[in-house]
Amino acid sequence: MRWTQTLIPTLREAPAEAEIVSHQLLLRAGLVRKLAGGVYSFLPLGLRALRKVECIVREEMDRAGAIEVLLPALQPPEIWQQSGRYEAARQVLYKVYDSARREWVLSPTAEEVITLLVAAEIQSYRQLPRNFYQISVKFRDEIRPRFGLMRAREFIMKDAYSFDVSDEAAQQSYQRMYDAYARIFARCGLRTFAVEADTGVIGGSLSHEFMVPAETGENEVAYCEACGYAANLEKAVSAVAGGCSESPVVESPALERFPTPGVQTIADLAAEPYSVPPERQIKTLVYMVESRPWIVLLRGDDALNEAKLAARLGTTTFRPATAEEIEQWLRARPGSLGAVRSALRDTTVPVWADERLRGATDMTTGANEDGFHFRHVDVTRDLRVDQWGDLRLVRAGEPCIRCGESLRLRRAIEVGHVFKLGTKYSEKLGASFIDESGVRRPCVMGCYGIGVTRTLQAVIEQSHDADGIIWPVSVAPYEVCVTLLQSSPTGQVRETAERLYRELVEAGIEVILDDRDERPGVKFKDADLIGFPFRVTVGEKSLARGQIEIKRRAGGTPEAVSVDEAGARVAAYVREARRG
RNA sequence: CGGAGCGUAGCUCAGCUUGGUAGAGCACCAGCUUUGGGAGCUGGCUGUCGCAGGUUCAAAUCCUGUCGCUCCGACCA
């Protein structure tokens with residue numbers, strides 16, 4: 001490709017709309033342009049890089065035995081009602097209406113479509129296992145699109161769905177995808193790590209996310225360097241979660257109500273004159289769960305993990321109660337709330353408590369009357385608790401659940417997610433088969449997503465410097481840029497560059513010839529900004545010595561080689577780099 | 001949806017407080033010079049000041065509404 005014949009609108013400055021470096025570089029390098037918030041056009045260079053990622057995904061999915069299909073983006077809402085997800089997914093579903101005012105939804109994912117297809121077309125265990133995948137545009141009405149391609153309304157996703165005859169077989173399918181994912185991201189030049197993940201609205205029993213460590217990531221991950229335990233913070237547990245070891249195992253003195261005028265927060269009660277340390281307080285939260293109040297108890301210094309609460313509740317439609325609602329149900333305002341039996345007027349409100357409070361003694365909590373608290377609270381003796389569970393957010397430095405070493409926290413970008421789904425969808429949508437003994441059984445499913453456009457941006461986020469992108473050869477829009485340093489349309493420099501360009505093209509190298517009438521500085525800056533893995537400079541100065549310069553974007557000193565061997569040398573370097 | 005901020009040339013931004021002929025740099029076009037790290041000089045082009053309404057002799061500037069964008073929180077590949 002010749003630079004003058006394509007469209008590469010590089011930008012000297014970053015547009016104000018781009019906050020994180022990968023988003024800025026996507027725009028500055030002329031890879032994408034925004035049409036609207038979370039909606040992007042791919043320009044020639046961006047599309048080439050995107051196709052490279054897609055190609056890697058396709059090769060590895062095929063290698064893992066998955067088969068490619070293409071499912072409709074336009075879906076009837078009825079199938080979402082059939083799976084029972086219409087309500088849960090409604091916030092992310094784009095709805096469109098045809099001329100007959102009939103409603104359609106734009107596909108954010110395809111569990112329903114593929115499961116119905118399998119229900120119709122697969123009847124026998126002989127046709128299993130199968131794993132179907134597609135690479136297609138997905139639509140999600142994101143609450144807040146941001147960071148360019150990272151969280152877009154419209155994005156490209158690879159989604160795969162496996163169907164197996166048994167749980168054991170499904171486990172193998174899951175593992176095959178897990179392994180394929182590790183290969184895919186490695187081939188994209190990404191350093192990723194897998195973490196245990198929450199299953200969210202999709203549901204299922206086992207799940208891992210593939211994470212790219214990055215400060216700008218939207219996920220927080222807890223991990224242990226000693227044993228390799230790693231989990232999304234939504235899911236993470238630590239060794240402190242199981243008890244309240246700090247509490248002395250003594251019998252609490254009798255419950256005592258005492259005045260606490262003006263106390264609103266844990267910190268207020270921890271201050272003079274009360275001086276109750278947060279770990280000796282009980283935090284009482286009130287949530288409205290599908291318009292019903294729900295009390296959640298935690299130790300004063302712990303924070304609620306809403307994902308864990310959602311998992312236990314089996315719904316995501318809950319929110320913190322307003323001060324008015326709290327007053328209505330508990331007759332006190334936030335600041336003096338508690339679940340001491342004698343102070344709970346309404347016994348129909350469920351009380352859930354974090355495991356860490358189990359057996360705790362001599363605690364302090366609100367009395368459900370403004371300006372009063374109880375001290376010497378014995379959780380077992382005095383509190384009403386309907387259900388115990390792990391509800392707290394893990395903090396850095398807590399002991400690892402597996403090995404006891406100190407847990408660390410870091411931010412990361414989620415680029416892939418694998419789920420073991422079980423039979424949730426196959427039962428609802430009728431994907432079943434007849435087994436060897438003639439019994440009809442539901443398929444055991446798994447589903448597996450890769451954010452293809454997000455992966456592309458994650459590569460940039462992870463691989464750049466002050467000058468621009470540093471593409472791994474595997475996803476670079478072009479492997480080599482031949483930089484021609486002469487403006488005149490004829491002459492030895494030009495002829496040499498043209499000859500080298502043709503030689504590389506014929507050698508099967510993906511090469512772009514910078515034939516623009518621009519100053520050298522401009523060409524160098526653009527080549528660095530876009531990040532071609534190899535830059536080959538043909539200019540008067542080195543050519544006078546019969547040489548051409550080869551420079552790697554990733555670093556190292558430029559190498560001068562003779563004109564005659566330049567082509568073969570560059571091609572050899574590229575082939576070596578392709579092998580990784 | 002809640003909180004914060006911003007909408008002025010293709011891009012980055014000034015001008016708004018205190019109303020009075022819409023600006024700079026980069027980019028773009030022409031010419032001359034320059035040619036190994038975002039050149040110099042000369043000349044030129046570029047705007048419904050996000051949109052609508054209001055106040056005023058007069059609005060980019062003040063007021064109201066609205067739309068869009070960005071950031072923080074809840075959702076996710």
Side-chain angles (χ1 to χ4, degrees), chain A residues 9-20 23-24 27-28 30 33-39 57 88-93 108-110 135-160 181 197-202 209-212 217-219 232 234 287 306-307 310 316-320 322 413-419 447-458 467-468 483-488 493 517-529 535 537-544 549 551 558 560:
Chain A
T10 57
L11 263 26
R12 187 183 297 222
E13 289 168 291
E17 72 194 40
E19 193 78 8
I20 67 172
H23 185 194
Q24 293 173 347
L27 294 166
R28 287 191 58 208
R33 282 295 182 265
K34 184 179 76 174
L35 175 64
V39 182
V57 170
R90 77 177 322 146
Q91 306 135 299
V92 300
L93 282 179
T109 174
I135 297 173
S136 63
V137 177
K138 295 292 186 298
F139 301 89
R140 282 189 196 168
D141 188 358
E142 287 291 342
I143 303 165
R144 180 146 90 90
R146 63 182 133 173
F147 301 150
L149 305 178
M150 285 295 181
R151 178 174 299 279
R153 296 180 201 277
E154 184 188 306
F155 58 99
I156 295 179
M157 180 165 99
K158 184 287 300 176
D159 46 325
Y181 274 33
D198 183 49
T199 50
V201 290
I202 293 183
E209 288 165 336
F210 284 77
M211 295 289 193
V212 176
E218 296 185 78
N219 290 267
N232 193 309
E234 295 178 339
Y287 274 75
E306 289 199 358
T316 55
T317 52
F318 60 84
R319 57 170 174 81
T322 63
I413 300 163
E414 178 191 353
V415 287
H417 202 159
V418 293
F419 291 92
C447 75
Y448 319 92
I450 288 179
V452 177
T453 37
R454 180 184 285 181
T455 298
L456 182 69
Q457 188 171 341
D467 292 319
T483 303
L484 192 173
L485 298 187
Q486 180 181 287
S487 54
S488 72
V493 173
D517 180 14
E518 284 288 357
R519 299 173 62 81
V522 172
K523 294 192 173 195
F524 292 148
K525 287 288 184 189
D526 273 349
D528 287 347
L529 174 61
R535 190 184 76 209
T537 310
V538 184
E540 265 175 46
K541 288 199 177 160
S542 49
L543 206 55
E549 183 187 284
K551 186 171 187 303

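Letters A, B, ... are given to chains in the order of the sequence lines, protein chains preceding strands, and every chain is numbered from 1.
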Exercise for the section: For B/C72, take OP1 and OP2 only and decide whether either is under 4.0 Å from a side-chain N or O of A/Arg146. Expected result: yes
Fill in the blank from the handout: Between CD of A/Gln486 and P of B/G36 the distance, given in whole Å, is 12 Å
Handout entry: B/C76 base / A/Arg151 side chain donor-acceptor hit below 3.5 Å
Key = yes
Exercise for the section: Could you check if a side-chain atom of A/Val212 sits within less than 4.5 angstrom of a side-chain atom of A/Val415, using non-hydrogen atoms only? Expected result: yes
Problem - Any A/Arg519 side-chain N or O less than 4.0 Å from OP1/OP2 of B/A39 - result: yes
Exercise for the section: Could you check whether A/Ala152 gets within reach of a base, just the sugar-phosphate, or nothing at all, counting any heavy atom under 4.0 Å? Expected result: base
Practice task
Go ahead and name the base partner of B/G23; Watson-Crick or wobble counts if both distances stay under 3.5 Å, otherwise write none.
Solution key: B/C13
Exercise for the section: Look at the side chain of A/Glu13 and decide which nucleotide, out of B/C75, B/G25, B/G36, has an atom nearest to it. Expected result: B/G25
Exercise for the section: Using the six-membered ring for Trp and the full ring for Phe, Tyr or His, decide whether A/Phe155 stacks on the six-membered base ring of B/A77 (centres under 5.5 Å, planes under 30°). Expected result: yes
Problem - Distance in angstrom units between A/Arg535 CZ and B/G37 P, rounded - result: 10 Å
Handout entry: Side chain A/Gln457, main chain A/Met150, donor-acceptor under 3.5 Å
Key = yes
Practice task
Look at A/Lys541 and B/G36 and indicate whether a side-chain polar atom (N or O) is within less than 4.0 Å of OP1 or OP2.
Solution key: yes
Practice task
For nucleotides B/G20 and B/A60, find the distance between their C1' atoms and express it as a whole number of Å.
Solution key: 13 Å
Handout entry: Listed nucleotide nearest any side-chain atom of A/Ile143, set B/C1, B/C71, B/U70
Key = B/C1
Practice task
Kindly indicate whether the side chain of A/Arg144 and the base of B/C75 share any N or O donor-acceptor pair separated by less than 3.5 Å?
Solution key: no
